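Not measured: the values here are computed from a predicted model.
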Amino acid sequence: MRSILRHDPDVVLIGEIRDLETAENAIQASLTGHLVFSTLHTNDASGAYTRMVDMGVEPFLVASTVEAVMAQRLLRRLCTSCREAYTPVRDELPGDFPWDDLDGRPLYRNVGCRECRDVGYRGRTGIYELLVTTDKVRELAHERATTWEIKQAALQQGMLTLRYDAWQRALTGETTIAEVMRVTKSDRIISGGTL
């Protein structure tokens with residue numbers, strides 16, 4: 001890392017932040033004016049702030065250097081040769097399903113054919129969640145707030161979750177309800193947490 005920074009790059013890519021030493025190097029590069037991209041293993045975007053603090057990075061450093069976090073997951077994509085359209089029944093779908101966005105369109109389920117080797121899925125597609133570090137998120141990160149608190153603040157400021165993006169993929173016929181349920185957690189807010 002030190003030898004890379006001696007070349008005075010504008011952008012630095014760090015494969016993965018796994019430990020305190022790597023995190024500190026990334027933060028120091030960021031503080032000296034470099035744009036730093038890296039990966040970090042968390043369940044969602046809001047978990048990145050608390051994960052770095054758990055590694056031993058001072059909260060004020062996390063709050064002042066992290067500009068945005070993008071979470072991503074892969075969903076299996078429906079086989080277009082054999083997918084089957086159906087009209088959903090409200091009782092069969094989870095409570096956070098966006099019924100207003102359905103607008104009379106059918107949903108699709110996997111069937112299986114020769115093209116997809118009788119699985120019903122062929123390929124994958126990404127779903128994303130972008131959490132931009134606003135002043136409120138920065139303040140919460142500085143105060144060692146929980147992942148849930150950071151997520152709630154981001155949602156109030158318009159963040160779209162992995163689950164929301166996955167629902168949009170199901171509504172367009174790209175994937176199934178079962179696949180959304182398998183890959184994501186519910187965004188419904190209950191007292192003190194999410195389902």
ask   = Passes side chain to side chain contact (heavy atoms under 4.5 Å, CB included), V137 versus T134? Steps please.
value = CA-CA 5 Å; V137 170; T134 60; 3.5 Å; yes
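- A ring pair (Phe, Tyr, Trp, His ring centres under 6.0 Å) check over residues 95-136, counting only residues at least two apart or in different chains, returns the pairs F97-W99, F97-W167.
- Sorted pairs that involve residues 152-161 and meet salt bridge (charged side-chain N to carboxylate O under 4.0 Å, His left out), not counting sequence neighbours, are lacking altogether.
- Formation of a donor-acceptor pair under 3.5 Å by the S30 side chain with backbone atoms of A26 is not found in this model.
- Atom CG of L160 and atom CG of L131 lie 11.0 Å apart (nearest 0.5 Å).
- With values rounded to the nearest 0.5 angstrom, T146 atom OG1 is found 9.0 Å from Q152 atom CD.
- A distance of 8.5 Å separates OG1 in T39 from CZ in R18, rounded to the nearest 0.5 Å.
- Side-chain contact, D19 with T22: a donor N or O sits under 3.5 Å from an acceptor N or O.
- Within 6.0 Å of the CZ atom in R182, the count of heavy atoms belonging to other residues, nucleotides or ligands exceeds 12.
- Atom CD of E139 sits about 4.5 Å away from atom NZ of K136, to the nearest 0.5 Å.
- Under the side-chain hydrogen bond (donor to acceptor under 3.5 Å, both in side chains) criterion, Q168 pairs with D101, sequence neighbours left out.
- Here the shortest heavy-atom pairing between G112 and C82 reads N-SG, 3.3 Å.
- In this structure R117 satisfies the side chain to side chain contact (heavy atoms under 4.5 Å, CB included) test with no other residue, sequence neighbours excluded.
- In this structure, the side chain of R77 does not engage the main chain of R122 through any donor-acceptor pair within 3.5 Å.
- Counting only residues at least two apart or on different chains, the salt bridge (charged side-chain N to carboxylate O under 4.0 Å, His left out) pairs with a member in residues 28-54 are D44-K151.
- Residues satisfying the side-chain hydrogen bond (donor to acceptor under 3.5 Å, both in side chains) test with S81, not counting sequence neighbours, are none.
- Between A170 and L107, the shortest heavy-atom distance links the atoms O-CD2, 3.8 Å.
- Clustering ILVMFWY residues whenever any of their side-chain heavy atoms sit less than 4.5 angstrom apart, transitively, puts V132 in a cluster other than the one holding L155.
- With sequence neighbours excluded, no residue forms a side-chain hydrogen bond (donor to acceptor under 3.5 Å, both in side chains) with R124.
- Atom-to-atom distance recorded for L74:CG and T175:OG1 is 11.0 Å, nearest 0.5 angstrom.
- Counting only residues at least two apart or on different chains, no salt bridge (charged side-chain N to carboxylate O under 4.0 Å, His left out) pair has a member in residues 21-32.
- Under a hydrophobic clustering in which Ile, Leu, Val, Met, Phe, Trp and Tyr are joined whenever their side-chain heavy atoms come within less than 4.5 Å, directly or via other members, M70 and L40 fall into different clusters.
- Closest non-hydrogen pair, P98 versus L171, comes out as CG-CD1, 4.0 Å.
- Scored by the side chain to side chain contact (heavy atoms under 4.5 Å, CB included) test, R73 finds N43, I127, L162, V183 as partners (sequence neighbours excluded).
- When all heavy atoms are compared, the tightest approach of V36 to A29 is CG2-CB, 3.8 Å.
- Residues E129 and S46 share a closest heavy-atom pair of OE2-N, 4.3 Å.
- Of all heavy-atom pairs spanning L130 and A68, the tightest one is CD1-CB, 4.1 Å.
- Rounding to the nearest 0.5 Å places CH2 of W148 at 14.0 Å from OG1 of T50.
- Residues satisfying the side-chain hydrogen bond (donor to acceptor under 3.5 Å, both in side chains) criterion with T65, sequence neighbours excluded, are absent altogether.
- By the criterion of side-chain heavy atoms lying less than 4.5 angstrom apart, applied directly or through intervening Ile, Leu, Val, Met, Phe, Trp or Tyr residues, I14 is not grouped with L35; the two fall into different hydrophobic clusters.
- L78 and L75 fall into different hydrophobic clusters, where Ile, Leu, Val, Met, Phe, Trp and Tyr residues are linked whenever their side-chain heavy atoms come under 4.5 Å apart, directly or through other members.
- No donor-acceptor pair closer than 3.5 Å links the side chain of E179 to the backbone N or O of T176.
- For the side chain to side chain donor-acceptor pair (under 3.5 Å) condition, the pairs that include at least one residue of residues 83-92, sequence neighbours left out, are E84-R109.
- The stretch residues 4-61 participates, sequence neighbours left out, in no ring pair (Phe, Tyr, Trp, His ring centres under 6.0 Å) pair at all.
- A heavy-atom distance below 4.5 Å is not found between the side chains of R76 and N110.
- The backbone N or O of M181 sits nowhere less than 3.5 Å from a side-chain atom of T184 that would complete a donor-acceptor pair.
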request  = Would you please test L93 and I177 for side chain to side chain contact (heavy atoms under 4.5 Å, CB included) and show each step?
outcome  = CA-CA 8 Å; L93 296 178; I177 298 297; 3.6 Å; yes
